[in-house]
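Input: a single structure, listed below in structure tokens.
Note that the coordinates shown come from a computational prediction; the quantities given were computed from them, not determined experimentally.
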Amino acid sequence: QVTLVESGGGLVQPGGSLRLSCVASGRTGSRFTTWFRQAPGQEREFVAAIRWSGYNTYYGNSVKGRFTISGDKGKNTVYLQMNSLKPEDTAVYYCAADGGRMILSSIYTASQYDYWGQGAQVTVSS
């Protein structure tokens, strides 16, 4: 069992920055740790993922060039640095991890993940 806890959400003006953190505890051994987001009335959207073997990173088209995912294996922590935030980035951001068998082609699909955090609200508004 893996427990994920997000922190760092809040209210920010357009053009501003925030950094989210996701700390994992328990039987960690995931191949990927991923950020998704969900706005009211919309489906959960892939944001960014990191593969622990090699620290490869992957991004959704809507955040590419603005968001950066990074990880610290020793601290079991993943970060999402969000810059140049836009009102359309407003959502609940979720951290997710797989059970150790995730394949690359599946990382964009929320239903493929085994563990989820409780979510962190990010609101971009003036």
Side-chain angles (χ1 to χ4, degrees):
Q1 189 71 17
V2 175
T3 300
L4 303 172
V5 179
E6 302 102 333
S7 61
L11 172 65
V12 63
Q13 292 187 344
S17 298
L18 278 177
R19 189 176 82 156
L20 302 180
S21 300
C22 172
V23 180
S25 60
R27 293 185 61 184
T28 57
S30 302
R31 291 184 174 179
F32 296 86
T33 301
T34 301
W35 289 97
F36 285 84
R37 66 186 182 185
Q38 189 166 22
Q42 297 188 19
E43 293 187 354
R44 204 159 286 194
E45 176 191 12
F46 173 86
V47 176
I50 185 167
R51 176 161 50 184
W52 290 109
S53 63
Y55 287 79
N56 305 89
T57 58
Y58 309 87
Y59 295 94
N61 289 334
S62 61
V63 306
K64 206 171 291 184
R66 300 187 298 122
F67 291 12
T68 302
I69 188 170
S70 61
D72 185 333
K73 191 64 173 174
K75 295 182 179 180
N76 287 327
T77 301
V78 171
Y79 305 97
L80 184 68
Q81 178 66 44
M82 304 183 292
N83 298 329
S84 302
L85 282 161
K86 305 174 182 180
E88 50 263 43
D89 294 317
T90 296
V92 178
Y93 284 69
Y94 296 93
C95 178
D98 66 275
R101 300 182 180 181
M102 181 71 79
I103 60 175
L104 182 58
S105 59
S106 296
I107 67 171
Y108 307 97
T109 305
S111 62
Q112 297 297 310
Y113 289 84
D114 299 282
Y115 307 105
W116 291 87
Q118 81 286 355
Q121 176 69 47
V122 171
T123 302
V124 185
S125 175
S126 54

Quiz item: What ring pair (Phe, Tyr, Trp, His ring centres under 6.0 Å) pairs are there with at least one residue in residues 55-89, not counting sequence neighbours?
Solution: Trp52-Tyr55
Quiz item: Just by distance, with hydrogens left out, do Ser62 and Glu88 show a side-chain donor and acceptor under 3.5 Å apart?
Solution: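 There is no such pair (donor and acceptor under 3.5 Å, judged by atom type) between the side chains of Ser62 and Glu88.
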Tell me whether [Y] is reachable from [X] by hopping between hydrophobic residues (I, L, V, M, F, W, Y) whose side-chain heavy atoms are closer than 4.5 Å.
{"X": "Met102", "Y": "Ile50", "answer": "no"}
{"X": "Val12", "Y": "Leu80", "answer": "yes"}
{"X": "Leu20", "Y": "Ile69", "answer": "yes"}
{"X": "Tyr108", "Y": "Phe32", "answer": "yes"}

State which residues pass side-chain hydrogen bond (donor to acceptor under 3.5 Å, both in side chains) with [X]; sequence neighbours excluded, sorted by chain then number.
{"X": "Thr34", "value": "Tyr113"}
{"X": "Arg31", "value": "none"}
{"X": "Thr3", "value": "none"}

Exercise. Keeping to residues at least two apart or across chains, list the side-chain hydrogen bond (donor to acceptor under 3.5 Å, both in side chains) pairs with something in residues 64-78.
Key: Asn61-Lys64, Arg66-Asp89
Quiz item: Do any pairs count as a side-chain hydrogen bond (donor to acceptor under 3.5 Å, both in side chains) and have a residue in residues 90-106, sequence neighbours left out, and if so which ones?
Solution: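 Every pair satisfying side-chain hydrogen bond (donor to acceptor under 3.5 Å, both in side chains) with a residue in residues 90-106: Arg37-Tyr93.
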Quiz prompt | Pairs involving residues 104-116, ordered by first then second residue, that meet salt bridge (charged side-chain N to carboxylate O under 4.0 Å, His left out) (sequence neighbours left out) | solution = none
Quiz item: Is there a donor-acceptor pair under 3.5 Å between the side chain of Gln118 and the backbone N or O of Glu6?
Solution: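 Side chain of Gln118 to backbone of Glu6: a pair is present.
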Self-check item: Parallel, tilted or perpendicular, as decided by the 30° and 60° cut-offs, for the rings of Trp116 and Phe36
Solution: tilted
Compare every heavy atom of [Y] with every heavy atom of [X], then report the nearest pair and how far apart it is.
{"X": "Ala97", "Y": "Thr33", "answer": "CB-OG1, 4.4 Å"}
{"X": "Ser17", "Y": "Ser84", "answer": "OG-N, 4.4 Å"}
{"X": "Ile107", "Y": "Phe46", "answer": "O-CD1, 3.5 Å"}
{"X": "Val47", "Y": "Val63", "answer": "O-CG2, 3.4 Å"}

Quiz item: Please, which pairs that meet disulfide (SG to SG under 2.5 Å) have at least one residue in residues 10-101, sequence neighbours excluded?
Solution: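 Every pair satisfying disulfide (SG to SG under 2.5 Å) with a residue in residues 10-101: Cys22-Cys95.
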Exercise. Give every residue pair that meets the disulfide (SG to SG under 2.5 Å) criterion with at least one member in residues 97-126, sequence neighbours excluded.
Key: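 Applying disulfide (SG to SG under 2.5 Å) to every pair that reaches into residues 97-126, excluding sequence neighbours, yields nothing.
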Quiz prompt | Nearest-0.5 Å distance, CZ of residue Arg19 to CE of residue Met82 | solution =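 One gets 11.0 Å once the value is rounded to the nearest 0.5 Å.
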Exercise. Give, for atom CG of Leu18 and atom OG1 of Thr123, the distance between the pair rounded to the nearest 0.5 Å.
Key: 9.5 Å
Quiz prompt | Other ILVMFWY residues reachable from Leu4 by side-chain steps of under 4.5 Å | solution = Val2, Tyr115
